[in-house]
Amino acid sequence: MISLSGLNPQQRQAAETVEGPVLILAGAGSGKTRTLTYRIAHMVDNLEIPPSQILGVSFTNKAAKEMRERVHSLLGRRKSKGVTLSTFHSLGVKILKSEITKLGYHRNFSIYDTTDQMSIVREALKLYKADKNFDRKIVLSKIGYLKNRGISAEDFANTRHFNGDDPYDIATEYVYHFYQDKLRFYNAIDFDDILFLVVKLFKEFPDVARTWSEKFQYIMIDEYQDTNTLQFQLTLGLTLAHNNLCVVGDDDQSIYAFRGADVSNILGFEKNFPGAKVVKLEENYRSVMPVLSLANHVIKENKNRREKTLWSKKQSSNLPELWLTGDTDHEAQAVVEDILKHQSDGGHLGDIAILYRSNTQVPPLEDELRMSQIPYTIVGGQKLYERKEVKDLLAYLSVIHNPADQMATRRILNVPARGIGTATLNKFLEKSQETKLDLFETMRQHANLASGKFNSINEFTSLIDWSRTIFAERPLPEAIGLLVERIDFFSYIDKSYDNAKQAERRRNDIMFFIDSAERFLKYKGPKASLEDFVEKVLLQDSQDKRDEEDEEDDDVRKNEVTLMTLHSSKGLEFRQVYLIGMEEETLPHKKTVKEGEDIGEERRLCYVGITRAQDKLVMTYCKERQLFGKKTPRNPSRFVFTLMDKDLFIHKDVTSFGHLSVEEADA
DNA sequence: CTTCACGCAGTTTTT
DNA sequence: CTGCGTGAAG
Ligand SMILES: Nc1ncnc2c1ncn2[C@@H]1O[C@H](COP(=O)(O)OP(=O)(O)OP(=O)(O)O)[C@@H](O)[C@H]1O
């Protein structure tokens, strides 16, 4: 029996209202996620609702994982096991895996990332000859924009989004069709398709939607302010058979508008789900009052927001601080030095987070942390599967699993070099187009197409066939190992880099990749399939080293500092937070300052950052910053600059403080 | 077909 | 400063 005494009366009411729509709209740290996790525990343990009927969705992997851990610690591993806790995207893939044939794709579809998408768009634009040179990034983002609003290539021209006078729209029209045709031919879908196709499926086959809706009788969605049109429609589909939907969010923390997120989903919840019980929470249990005051002042400036009261019982005599530092290296030094002090005072490093606007701010921090031997982890950032060699290997796996995957086939065709270049490739591409046979099959059946390449082509196709057998017979990590051996991948890597250090790093990436297959096998058991593994890697389902093994220290953070972007920090909390790069053109990012006034989202980002801190908050900005290799003078962010003399934080000039950098010492 | 060199464009944020 | 894409030479 789970006791709900850990909740305040409002929270408790939300947790106990299990039937019908419920909305919790409340500020940061007011216990929204906590309420959700107790609600799940309550349903399973007290109401004896079968866990398999419960679905908890969130937006990012981090948030999903956080939720899983919290539910674990309430219910214990055994009882929480059957509860589905995932992101929208992994839920989408799960649904597509079992239903996609209805849409004319095959079950073994590949999932394409931005690089693959770009290549296809590039090809399309090459074919779409025009005097103007189109930027494929713009075209691709238009396609993504459309998809996230549920608009297909066929519909585009008939929507208000289409402007017949805009050459880009006309180009996009063409490219979108081409792109979608190719994906289908390659039996591949992109990230946006994951949700787009589920929605399409639900629309065209209402009974399928109904089946899924019946499976998940109780649905909870965290960070609901970040849902976009597609996710909203998906939600509608999942609630076809009932209206047991509990959503949780904060319009002040909506930070994914660039991805189509639409706050009107949460603000209009009562309209969309009539009879919804609305719960407001006003007590913040996370932060100390001075931190919260600053946060409240920062967010107050935004227009079009729901006013909220937010207060905390936790007092503190320490105000947040804003440090002026020299340059990015010095900023990193100042932060690291402060962390060292914390460490020598016996502080735990797991209590500390360094947050920043963009991943480009990481390198100086990494250098300093390494030099000071402070353990740290970076969340997000350079992803394992984005490293070139890992992508290559992943492409092998994709072709083995889905031979129709042309992008993957082309990627590995000449990696390692087999003497099959563009000339040969083009011959096969032509043939493939002509016969409607996929590229791989074309090579198998018409190996003699390119004179002199007969042997190389044959070797390639039989390599893949051989691999398929291996992967069917051997455990995953072993099979990958054998493949790496067979293509002599390590020698290929060594040959590709004259710098021995680089080559070693790349080899390590591969080793790490095999390691993660090993962990995957351990976690999944012997039935761990190639397909599941690839999916997991692509969805970033588990990008950090530690997997489900170490059960007991689930709620104990490791003794290491956490580095992440403001975006990935949402929903988390740390005793001590360093919010670096509080500068104009960094926190209100340059791009948003230039393009009209959508500063509101940047301000919310700042709000999110501040409200991650429980006890201590340090914000830093630089006097100057290396930009494109040039020193550029910087100014403090307007978000705090305008609050300078209100005693909300202490402004410190630390430029003359701390270790001198090597250059300064030499000077 | 591979390799190398040069010019350039780009730096949000995530699945 | 880097990392990519293009083009010419080997
Ligand atoms: N009723 C309560 N009693 C004690 N602690 C609470 C209570 N409610 C929430 N907390 C604590 O407050 C902190 C913030 O809670 P939680 O993360 O659920 O807030 P949230 O509203 O989801 O925040 P955010 O909007 O930032 O995601 C957590 O440490 C949580 O354990």
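In what follows, chains are A, B, ... by sequence order, proteins preceding strands, each numbered from 1.
The nearest heavy atom of DNA chain B to A:Lys137 and to A:Thr114 marks one nucleotide each, and the one closer to the 5' end goes with A:Lys137. Comparing A:Tyr256 and A:Asp135 by the nucleotide of DNA chain B whose heavy atom lies nearest to each, the residue mapping closer to the 5' end is A:Asp135.
Contact between the side-chain N/O atoms of A:Thr424 and the OP1/OP2 oxygens of B:dC1 is found at a separation under 4.0 Å. Note on A:Asn61: a side-chain N or O is less than 4.0 Å away from OP1 or OP2 of B:dT15. Note on A:Thr565: a side-chain N or O is less than 4.0 Å away from OP1 or OP2 of B:dT14. Applying the 4.0 Å criterion to OP1 and OP2 of B:dT2, one finds that A:Asn414 has a side-chain N or O inside that range.
For the 3.5 Å distance criterion, the side chains of A:Gln180 and A:Lys147 qualify, holding a donor opposite an acceptor.
Computed from coordinates, the A:Ile138 CD1 to B:dA9 P distance equals 13 Å when rounded to whole Å. The nearest whole Å value for the distance from the NZ atom in A:Lys590 to the P atom in B:dG10 is 12 Å. Protein atom NZ of A:Lys147 is 16 Å distant from nucleotide atom C1' of B:dT14, rounded to whole Å. If you measure from atom CG of A:Asn359 to atom P of B:dT13, you get 5 Å, rounded to the nearest angstrom. Atom OH in A:Tyr492 sits about 12 Å away from atom C1' in B:dT2, given to the nearest Å. One interatomic measurement links the two molecules: CD1 of A:Ile599 to C1' of B:dT13, which rounds to 14 Å at whole-angstrom precision. Protein atom CG of A:Leu230 is 20 Å distant from nucleotide atom P of B:dT14, rounded to whole Å. In this structure, CD1 of A:Ile378 is placed 13 Å from P of B:dT13, rounded to the nearest angstrom.
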### Task
Would you give a per-nucleotide map of nucleotides 1-10 of chain C, 5' to 3', where B means the base has a protein non-hydrogen atom under 4.0 Å away, S means only the sugar-phosphate does, and - means neither?
B---SS----
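Side-chain contact check for A:His567 versus A:Phe258: some heavy-atom pair is nearer than 4.5 Å.
Outside the 6.0 Å centre-distance limit, the rings of A:Phe490 and A:Tyr492 are not counted as a close aromatic pair. Here the two rings, on A:Phe533 and A:Phe513, have centers that are under 6.0 Å apart.
Among the protein residues, A:Thr422 comes within range of the sugar-phosphate backbone only, with heavy atoms under 4.0 Å from sugar or phosphate atoms but none that close to a base. Note on A:Ile420: only backbone sugar-phosphate atoms sit closer than 4.0 angstrom, heavy atoms only; bases stay farther off. Residue-level contact check: A:Phe88 touches neither bases nor backbone, having no heavy atom under 4.0 Å from any strand.
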### Task
Apply ring pair (Phe, Tyr, Trp, His ring centres under 6.0 Å) to A:Phe639 and A:Phe641, showing your working.
CA-CA 6 Å; A:Phe639 300 148; A:Phe641 190 68; over 10 Å; no
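Between A:Leu103 and the choices A:Asp193, A:Ile189, A:Val198, A:Leu201, the side chain to side chain contact (heavy atoms under 4.5 Å, CB included) rule is met once, by A:Leu201.
When all heavy atoms of A:Ser456 and A:Arg418 are compared, the closest pair comes out as CB-O, 3.6 Å.
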